[in-house]
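Quick notes on the structure that follows.
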Amino acid sequence: RGGLHGTAAMTAITAQHTVAVEAVFPIPPEMSLAQIRSVLTDLPPGAVKIGMVGGVAAIGAVAEGLNDLPADIPVVLDPVMIAESGGRLLDVDAEIALVERLLPRASVVTPNVPEARVLARHSGLDRPDMLEGEELAHAVLAAGAAAVVLTGGHTDGSEDLLVVGTGADTIVLGGPRHPDGAAHGSGCT
């Protein structure tokens with residue numbers, strides 16, 4: 001469909017290259033919220049995608065900005081918590097804030113396997129590190145997600161899985177896998 005115009009509200013600036021995130025600098029949350037509100041006054045959104053939020057204060061700003069949206073606007077939450085290299089991008093307090101403030105508002109959450117295990121831990125499971133595939137996706141649903149696309153690119157041979165609502169069938173999202181290499185940021189794209 002035509003007429004779309006992508007916009008952004010920054011919550012953090014990163015120093016990174018094709019292999020790793022070297023540093024993260026948070027944007028003041030009042031500036032992030034001001035940008036969200038600025039965009040909303042000019043261009044009514046058709047959908048929202050949330051990526052790396054940086055920390056508790058930024059999550060609060062994003063959550064407040066989401067309160068300004070009509071309830072029927074789809075929200076995609078990419079919980080950028082653990083980089084492909086294994087580096088942690090959110091501390092535990094921010095993980096909790098993400099689960100409590102952003103996950104319930106998301107139409108769909110798109111974690112990689114390590115991120116899904118973190119989200120599953122917040123559903124009350126003692127050993128989410130033992131879960132894989134469909135069980136892991138359902139544990140993320142139990143943490144408060146409406147739908148989950150569990151991306152399997154961080155494990156050998158895993159497919160991406162779509163689960164919508166508790167008790168729903170799991171849909172395998174197949175397709176060709178691209179070879180390893182300088183694919184840092186592939187989840188974001």
Side-chain angles (χ1 to χ4, degrees), residues 4-36 38-39 45 47-63 65-66 75-99 101-103 106 108-122 128-129 131-133 136-137 140 145 148-162 173-189:
L4 297 178
H5 184 79
T7 61
M10 303 296 290
T11 59
I13 299 170
T14 63
Q16 61 183 307
H17 46 72
T18 61
V19 179
V21 175
E22 300 288 338
V24 177
F25 178 78
I27 301 291
E30 56 275 0
M31 186 62 187
S32 296
L33 181 57
Q35 180 59 33
I36 291 168
S38 177
V39 169
V48 172
K49 187 228 181 219
I50 302 168
M52 190 179 109
V53 288
V56 173
I59 290 168
V62 171
L66 289 176
V75 175
V76 176
L77 175 60
D78 179 3
V80 181
M81 299 185 291
I82 302 173
E84 186 174 351
S85 62
R88 301 212 37 109
L89 301 172
L90 282 183
D91 62 26
V92 174
D93 289 341
E95 290 173 3
I96 293 167
L98 185 140
V99 169
R101 301 201 63 195
L102 300 182
L103 193 62
V108 62
V109 60
T110 62
N112 61 35
V113 169
E115 291 163 344
R117 289 184 174 135
V118 170
L119 293 172
R121 186 177 328 113
H122 294 287
D129 54 315
L131 298 179
E132 294 185 19
L136 183 55
V140 174
V148 178
V149 174
L150 177 62
T151 60
H154 289 73
T155 57
D156 291 334
S158 292
E159 297 285 341
D160 294 347
L161 303 176
L162 169 64
L173 304 172
R177 289 285 175 200
H178 298 282
D180 290 343
H184 173 67
S186 61
C188 297
T189 57

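What you see is a predicted model, and the numbers here were worked out from it, not measured in a lab.
Taking both residues in full, the closest heavy atoms of L136 and A120 are given as CD1-CB, 4.1 Å, listed atom of the first, atom of the second, then distance. Considering all non-hydrogen atoms of both residues, P79 and L119 come closest at CG-CD1, 4.0 Å. Nearest heavy atoms, A61 versus I36: O-CD1, 4.1 Å. Residues V39 and A8 come closest through the heavy atom pair CG2-O, 4.4 Å. In plain terms, the two heavy atoms of G54 and A12 that are nearest each other are CA-CB, 4.5 Å. Closest of all the heavy-atom pairs between P29 and A58 is CB-N, 4.4 Å.
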Applying side chain to side chain contact (heavy atoms under 4.5 Å, CB included) to V140 and L150, what does each step give before you reach the verdict? CA-CA 9 Å; V140 174; L150 177 62; 5.8 Å; no

Please assess L66 against L102 for the test side chain to side chain contact (heavy atoms under 4.5 Å, CB included), listing each intermediate value before the final yes or no. CA-CA 9 Å; L66 289 176; L102 300 182; 3.9 Å; yes

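I27 CD1 to I13 CD1: the interatomic distance, rounded to the nearest 0.5 Å, is 3.5 Å. Between the CD1 atom of I50 and the CG atom of D78 there is a distance of 10.0 Å, given to the nearest 0.5 Å. Between the CD1 atom in I59 and the CG atom in D93 there is a gap of 10.0 Å [rounded to 0.5 Å].
Judged purely by atom type and a 3.5 angstrom limit, E115 uses its side chain to pair as donor or acceptor with the backbone of M81. A distance-only check finds a donor-acceptor pair linking the side chain of T11 to the backbone of M52 [under 3.5 Å].
Considering only residues two or more places apart in sequence or on other chains, E30 meets the side-chain hydrogen bond (donor to acceptor under 3.5 Å, both in side chains) condition with none of them. Residues meeting the side-chain hydrogen bond (donor to acceptor under 3.5 Å, both in side chains) test with T14, sequence neighbours left out: Q16.
Put simply, the side chain of V62 does not reach to within 4.5 Å of the side chain of S32, judged on heavy atoms.
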